[in-house]
Amino acid sequence: MSRISIDNLVKAIKAVQAMNSQQKETLADELFRTQPTLFGACLVLPQLGVSLEKMELPLNLLFICFQAMKQSGLPWPCISEDELERQAARYAATLKFSEGMLPELVAQAQHQYATSHPEPELLAYVSNETSRWLSQVAPEDSDRFVLMAAMNMVNCIAHVPLKPMKK
């Protein structure tokens, strides 16, 4: 069962879209304090060749994901570097699995991945936004790092064990 509802996600999208630069800066400060590993995974992208212009997408997605986590009201733990690396390796293995497959089988595997994902709404939103972004930018080799960071963010959020709620 999804921990971030479609309602949480919609509220997060609207909240982030309505923010001015000062409010986004405040949100970035909060993100740095509570989820430094996720934030760092985005901030490292320019070192991998991602232009500053293209940083807008992963940062915006991170803000929305973080806001959706907050909207859920659940006690999210700080996502560790180990979890970030584990999810990156897991996603890379998922992509490698489909290499060389017939297109019909790739589509079937993608469908199965999406329908069995613990956070299907968040996955669908991020997948849609990255696809739309890819259709609007001049393609560069470094775009793959943006896509990997976005998917890794979703997978970390989806798979991190939550702390028990206090009564």
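- With hydrogens and angles left out, the side-chain atoms of His159 and Arg90 include a donor and acceptor closer than 3.5 Å.
- Between Gln136 atom CD and Leu57 atom CG the span is 9.5 Å, to the nearest 0.5 Å.
- Note that CD of Gln67 and CG of Leu62 are 11.0 Å apart. Values are rounded to the nearest 0.5 Å.
- Side-chain contact between Val160 and Cys156 is absent, with no heavy atoms from C-beta onward closer than 4.5 Å.
- With contacts defined as side-chain heavy-atom distances shorter than 4.5 Å, the pair Gln17/Asn60 does not qualify.
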Derivation and outcome, salt bridge (Lys or Arg N to Asp or Glu O under 4.0 Å), residues Arg86 and Asp82: CA-CA 6 Å; Arg86 185 174 21 264; Asp82 288 344; 5.9 Å; no

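- Counting only distance, with no hydrogens or angles, the side chain of Glu119 and the backbone of Ile4 share a donor-acceptor pair below 3.5 Å.
- Within the 4.5 Å cutoff, the side chain of Arg132 has heavy atoms near those of the Glu129 side chain.
- To the nearest 0.5 Å, the span separating CG on Leu27 from CD on Gln22 amounts to 12.0 Å.
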Derivation of the side chain to side chain contact (heavy atoms under 4.5 Å, CB included) call for Asp143 and Trp133: CA-CA 10 Å; Asp143 293 348; Trp133 176 79; 3.7 Å; yes

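- Looking at Ser5 and Asn8, their side chains do bring a donor and an acceptor atom within 3.5 Å of each other.
- For the atom pair CD (Glu56) and CZ (Phe63), the distance works out to 10.5 Å, reported to the nearest 0.5 Å.
- Looking at every heavy atom in both residues, Ala12 comes nearest to Ala68 through CB-N, 3.3 Å.
- Asn20 contributes atom CG, which lies 4.0 Å from atom CD of Gln23 (distance to the nearest 0.5 angstrom).
- Contact of the Cys65 side chain with the Val126 side chain is registered, since non-hydrogen atoms from C-beta on lie closer than 4.5 Å.
- Counting heavy atoms from C-beta outward, Thr130 and Val146 have side chains that stay 4.5 Å or more apart.
- You'll find the side chain of Val16 stays beyond 4.5 Å of the side chain of Phe66, heavy atoms only.
- For Glu53, the side-chain hydrogen bond (donor to acceptor under 3.5 Å, both in side chains) partners at least two apart in sequence or on another chain are Ser51.
- Counting heavy atoms from C-beta outward, Glu140 and Lys54 have side chains that approach closer than 4.5 Å.
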Hey, can you pull the donor-acceptor pairs under 3.5 Å for the side chains in residues 95-114, sequence neighbours left out?
{"residue": "Ser98", "atom": "OG", "partner": "Leu95", "partner atom": "O", "Å": "3.0"}
{"residue": "Tyr113", "atom": "OH", "partner": "Asn155", "partner atom": "OD1", "Å": "3.1"}
{"residue": "Tyr113", "atom": "OH", "partner": "Asn155", "partner atom": "ND2", "Å": "3.1"}

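- Of all heavy-atom pairs between Trp76 and Met69, the closest is NE1-O, 3.0 Å.
- Going from atom CD1 of Ile157 over to atom CD of Glu83 covers 11.0 Å, rounded to the nearest 0.5 Å.
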Side-chain atoms of residues 28-45: list all donor-acceptor pairs with protein atoms under 3.5 Å, sequence neighbours left out, distances to 0.1 Å.
{"residue": "Glu30", "atom": "OE1", "partner": "Lys70", "partner atom": "NZ", "Å": "2.9"}
{"residue": "Glu30", "atom": "OE2", "partner": "Lys70", "partner atom": "NZ", "Å": "3.4"}
{"residue": "Arg33", "atom": "NH1", "partner": "Asp29", "partner atom": "O", "Å": "3.3"}
{"residue": "Thr34", "atom": "OG1", "partner": "Glu30", "partner atom": "O", "Å": "2.9"}
{"residue": "Gln35", "atom": "OE1", "partner": "Ile79", "partner atom": "N", "Å": "2.9"}
{"residue": "Gln35", "atom": "NE2", "partner": "Pro77", "partner atom": "O", "Å": "2.8"}
{"residue": "Thr37", "atom": "OG1", "partner": "Ile79", "partner atom": "O", "Å": "3.0"}

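- Between His117 and Ala158 the shortest heavy-atom distance is CE1-CB, 3.4 Å.
- No side-chain heavy atom of Leu84 sits under 4.5 Å from any side-chain heavy atom of Met153.
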